[in-house]
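Take a look at the structure set out below.
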Amino acid sequence: MVDSPSNQADRHAGMAKILRWLETYPGDTWQQRWLASGADPIGNTAWRHLASRTLAGREGTGRAPQAEFIRLGRGMLPLLAGDVIRPSLSWLVTPGGIPHLISEMARSRDPAAFSQLTALSAQDPANTSTKKAALRRITAVLAAKGGVVADITVGDCLQFVEVLADERGRRDTSLYFYQLLHTLGVFPPDAPPTVRIFAAPGQQSIEQLVDRYDFACRPVRDLMVAYLRERQPALDYTSLRNLSFGLGKMFWKDLEIHHPGINSLRLPAEVAAAWKQRIALKETTVTDSSGRRARVQTSRSDAGINYLAMIRAFYLDIAQWAMEDPAFWGPWAAPCPIRVEEMSRRKDRLHRKSRIDQRTRERLPVLPVLVTTVAQARQTAAERLELAQRTEPGELFAVEGITLRRPVLAKPSAKTWAEVPDTGKREDLTLTEHRAFWTWAAVEVLRHTGIRVEELTELSHHSFVQYRLPTTGELVPLLQIAPSKSDVERLLVISPELADVLSAIVCRVRDTAGAVPLVVSYDGHERVWNPPMPLLFQRRYGVENRPINAEAIRALLNQALAGTGLTDAEGRPLHFVPHDFRRLFITDAILNGMPPHIAQLVCGHKDINTTMGYKAVYPEEVINGHRAFIARRRAIRPSEEYRTPTDEEWEEFLGHFERRKVAHGTCGRAFGSACIHEHACLRCALLRPDPAQHARLLEVRDNLLARITEAQREGWLGEVEGLRVSLAGAEQKLAQTEQIATQRTTVHLGIPDFSQVVGRDVTGS
């Protein structure tokens with residue numbers, strides 16, 4: 001072994017000290033004495049102080065001298081490499097590791113395997129620290145378990161993952177070491193292809209879902225478990241988990257907190273009302289101008305109707321099941337505290353529809369900008385990467401007027417870097433090109449298909465199918481969409497533009513043998529791992545191919561939009577989510593002539609109303625439709641009705657509106673019609689009285705009363721009848737003026753009235 005003589009001397013001296021120290025403890029082997037010393041639980045640093053105190057005959061908590069501290073650490077190295085002592089994994093991953101343990105293990109324990117691991121990691125684009133951490137963890141497993149690299153099992157790695165989880169926050173938790181061992185062929189063929197299978201959360205039992213909330217009332221807890229078990233066959237795991245949260249956390253646990261001792265589903269009216277008020281609010285964290293964060297209560301966007309629906313179904317199900325099994329469900333049957341009218345969501349649906357339509361209107365016009373931006377970014381990134389790879393380290397190259405330099409790296413790297421000559425700022429061109437390509441691919445596939453983002457991540461090489469037309473024999477390429485939200489499988493016709501995108505994806509991900517690699521994806525809804533599939537959206541991560549999940553797609557879209565400078569109606573940066581492309585696809589398809597029922601089948605909706613809800617109704621449709629109606633109506637009417645009016649006719653038309661003003665108000669008769677009441681305005685229903693003439697109308701009414709009294713006194717019975725008709729009209733106009741005066745005061749909006757605009761000429765631009 002190549003090492004300095006001083007280090008070799010320290011190792012021999014340190015090893016002798018450790019063995020002398022272990023001789024003071026009972027045991028037949030050095031391993032037994034190591035365990036008896038208590039050095040393993042206290043970690044990789046404190047044991048040296050313990051050994052130093054024991055050898056010096058000291059007691060207490062004194063620290064070892066620095067020279068002796070280093071010498072003891074170096075003396076542990078040959079004991080670990082020679083399999084004399086096997087510390088625990090926890091001891092090996094604590095801070096203060098054993099220097100040169102990797103090189104010593106590679107020299108004395110398994111030279112061939114470590115040589116293969118080094119060569120394998122050298123071909124990988126992972127950074128140097130990740131590779132060193134992987135070798136360090138493989139070495140730790142050998143030191144703790146003994147044997148050679150080929151003796152490492154999946155169980156050893158799983159145990160190490162658990163140890164790393166306990167040490168999270170203090171050390172790097174990269175699981176790259178498992179990928180190296182799996183690629184090297186250490187594990188049997190049926191071994192999981194990724195250790196992420198062990199680290200990802202799995203499904204919980206119904207009892208575990210309910211017991212998360214620690215109910216004080218045990219009978220209600222058992223009732224919740226029984227209810228969820230009845231509902232489980234019809235629900236996926238995510239829906240079951242959400243239902244347990246609604247019933248457990250948002251309903252019963254909330255009642256136990258605010259009403260201790262509650263043990264019945266029969267809720268008093270005041271208890272139910274208070275719970276509904278609490279359920280309509282939620283706590284959020286806000287930050288003020290000074291940067292201080294505080295918890296405040298805000299209203300839920302849906303006023304908690306989703307949770308109300310869960311609880312109402314809970315009560316109604318129990319009532320229904322009580323008729324079938326009264327012995328078990330009967331004691332829990334109680335009146336539902338949520339009335340059917342409280343479940344009305346019409347206003348919420350209308351508001352949501354309005355918000356979605358506005359969101360679609362903002363994004364449909366700028367979609368070409370986004371498409372052009374991601375396509376240009378992909379092309380530029382590919383050109384920069386290709387040119388940099390052809391450039392020797394230290395030389396300059398230019399792309400689109402930007403001069404860069406390929407740096408001289410101290411250590412070889414599978415990635416291609418570039419730096420700005422003036423500032424020295426480096427950029428990983430490999431990563432930039434990777435992001436640019438997959439952003440372009442995601443945008444193109446989403447906008448051409450309208451599929452959900454979950455369906456996008458599930459596209460595989462098996463999704464390509466062909467259909468031969470029975471009439472012409474022509475082959476039609478189809479894209480098979482696996483069942484997702486609606487559990488309905490469907491086929492989409494692959495357009496030429498989409499075919500180019502899918503071809504580029506396949507060419508990128510296929511391996512040297514021409515096949516698309518199999519990857520294991522995690523179903524976040526069901527919390528299970530899917531079998532290996534040749535997924536299209538996958539990337540190289542270390543020596544392992546991993547699927548590109550929905551969160552990564554969203555992050556790529558946000559990065560692409562940040563470079564466009566697009567803003568929404570309020571001036572804020574515009575954001576796209578993958579589901580926006582689904583709404584844009586449906587809106588664009590229907591506006592361009594696709595029948596709604598065909599759009600429903602293409603998108604996989606069970607109800608056509610769902611499809612129409614995705615379609616944003618644009619004002620242009622109403623305007624164009626109205627204009628077309630006017631054009632059709634004009635086409636069937638006599639053309640002479642649309643002749644140019646003479647000056648006399650135009651003056652007569654304008655004068656009509658001036659002559660509508662009468663003594664008590666405004667006359668509402670149509671243009672060109674005579675007054676049929678011979679200007680007996682008080683008797684005319686077309687007179688709209690002016691509130692300013694209220695006093696004058698009072699005088700008219702009083703005069704009519706006086707004249708009626710005079711006519712009755714003189715015996716003029718015929719005149720009395722006519723005066724009474726005029727009196728009734730006067731009283732009616734008085735009541736109308738009072739009603740107009742008591743109405744809300746009108747606010748002038750600055751809109752010109754008809755007399756101000758009717759005479760203006762309209763010039764086309």
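Values below: all heavy atoms of this structure, side chains included; hydrogens, waters and symmetry mates excluded. In this chain, residues are counted from 1 in sequence order.
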Pair Phe581-Val443, side-chain contact (heavy atoms from CB on, under 4.5 Å): steps then yes or no
CA-CA 8 Å; Phe581 293 94; Val443 170; 4.0 Å; yes
Tell me, with the steps shown, if Ile451 and Leu492 meet side-chain contact (heavy atoms from CB on, under 4.5 Å).
CA-CA 10 Å; Ile451 60 178; Leu492 304 179; 3.8 Å; yes
Residue pair Ile279, Ile311: steps toward the side-chain contact (heavy atoms from CB on, under 4.5 Å) verdict
CA-CA 11 Å; Ile279 209 70; Ile311 308 309; over 6 Å; no
Please walk me through it: do Ile505 and Trp438 pass side-chain contact (heavy atoms from CB on, under 4.5 Å)?
CA-CA 9 Å; Ile505 294 174; Trp438 288 114; 3.9 Å; yes
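In this structure, the side chain of Gln203 does not engage the main chain of Tyr237 through any donor-acceptor pair within 3.5 Å. The backbone N or O of Phe314 lies less than 3.5 Å from no partner atom in the side chain of Arg231, so there is not a single donor-acceptor pair. The backbone N or O of Tyr213 lies less than 3.5 Å from no partner atom in the side chain of Lys249, so there is not a single donor-acceptor pair. In this structure, the side chain of Tyr315 engages the main chain of Leu265 through a donor-acceptor pair within 3.5 Å. Within the 3.5 Å criterion, the main-chain N or O of Cys217 finds a donor-acceptor partner in the side chain of Glu256. Within the 3.5 Å criterion, the main-chain N or O of Phe576 finds no donor-acceptor partner in the side chain of Arg359. Side chain of Asp222 to main chain of Pro219: no donor-acceptor pair is present (N/O by atom type, distance under 3.5 Å, no hydrogens or angles). Here the side chain of Gln538 pairs a donor or acceptor atom with the backbone of Pro517 at under 3.5 angstrom. Side-chain atoms of Thr183 never come within 3.5 Å of backbone atoms of Leu180 as a donor-acceptor pair (strictly under, hydrogens ignored). Between the side chain of Asp254 and the backbone N or O of Trp275 there is no donor-acceptor pair closer than 3.5 Å.
If you take CD on Gln179 and CZ on Arg546, they are separated by 5.0 Å, rounding to the nearest 0.5 Å. Taken to the nearest 0.5 Å, the CG atom of Leu536 stands 10.5 Å off from the CD1 atom of Ile548. Atoms CG and CZ, from Asn545 and Arg540 in turn, are 4.5 Å apart once rounded to the nearest 0.5 Å. Here the OH-CG distance, from Tyr176 to Leu181, works out to 11.0 Å after rounding to the nearest 0.5 Å. With rounding to the nearest 0.5 Å, the separation of CD in Gln232 from CD1 in Ile206 is 4.0 Å. Between the CG atom of Leu243 and the CG atom of Asn306 there is a distance of 12.0 Å, given to the nearest 0.5 Å.
The closest side-chain heavy-atom distance from Ile152 to Lys145 is not below 4.5 Å. His258 places a side-chain heavy atom less than 4.5 Å from the side chain of Arg278. His462 is listed as a side-chain neighbour of Pro534, based on a closest heavy-atom distance under 4.5 Å. Residues Leu456 and Pro578 have side chains not in contact (no heavy-atom distance under 4.5 Å, counting atoms from C-beta outward). No side-chain heavy atom of Leu459 sits under 4.5 Å from any side-chain heavy atom of Leu535. Looking only at side-chain heavy atoms (C-beta outward), Leu502 and Leu479 come within less than 4.5 Å of each other. Side-chain contact between Thr360 and Leu584 is present, with at least one heavy-atom pair separated by less than 4.5 Å. Looking at Leu574 and Leu370, their side chains never come closer than 4.5 Å, going by heavy atoms from C-beta outward.
Smallest separation of non-hydrogen atoms from Pro532 and Val520: CG-CG2, 3.9 Å. Between Val445 and Thr449, the closest heavy-atom pair is O-OG1, 2.5 Å. Taking each heavy atom of Ser495 and His448 in turn, the nearest pair found is OG-ND1, 4.4 Å. When all heavy atoms of Pro331 and Ala327 are compared, the closest pair comes out as CD-O, 3.7 Å. When all heavy atoms are compared, the tightest approach of Gln208 to Ser205 is OE1-N, 2.9 Å. Taking each heavy atom of Cys603 and Arg582 in turn, the nearest pair found is O-NH2, 2.5 Å.
Note on ring orientation: taking the six-membered ring where Trp is involved, the planes of His461 and Phe464 are perpendicular (angle over 60°, cut-offs 30° and 60°). The aromatic rings of Trp329 and Tyr227 sit perpendicular, their planes meeting at an angle over 60°, well past the 30° parallel limit.
Using a 4.0 Å cut-off between charged nitrogen and carboxylate oxygen, Arg554 and Glu551 count as a salt-bridge pair. Between Glu458 and Arg452, none of the side-chain N atoms (NZ, or NE/NH1/NH2) sits under 4.0 Å from a carboxylate O, so this pair counts as no salt bridge. In this structure, Glu342 pairs ionically with Lys276, as a charged nitrogen and a carboxylate oxygen lie closer than 4.0 Å.
No hydrogens or angles considered: a donor-acceptor pair under 3.5 Å links the side chains of Gln204 and Arg241. Between the side chains of Asn530 and Ser521, at least one donor-acceptor pair of N or O atoms lies under 3.5 Å. Judged purely by distance below 3.5 Å, without hydrogens or angles, the side chains of Thr153 and Asp156 pair a donor atom with an acceptor atom.
Checked against the 6.0 Å centroid criterion, the rings of Phe251 and Tyr307 do not qualify as a close aromatic pair. Aromatic rings of Phe328 and Trp321 (six-membered ring for Trp) have centroids beyond the 6.0 Å cut-off, not under it. Between Tyr178 and Phe160, the gap from one ring centroid to the other reaches at least 6.0 Å.
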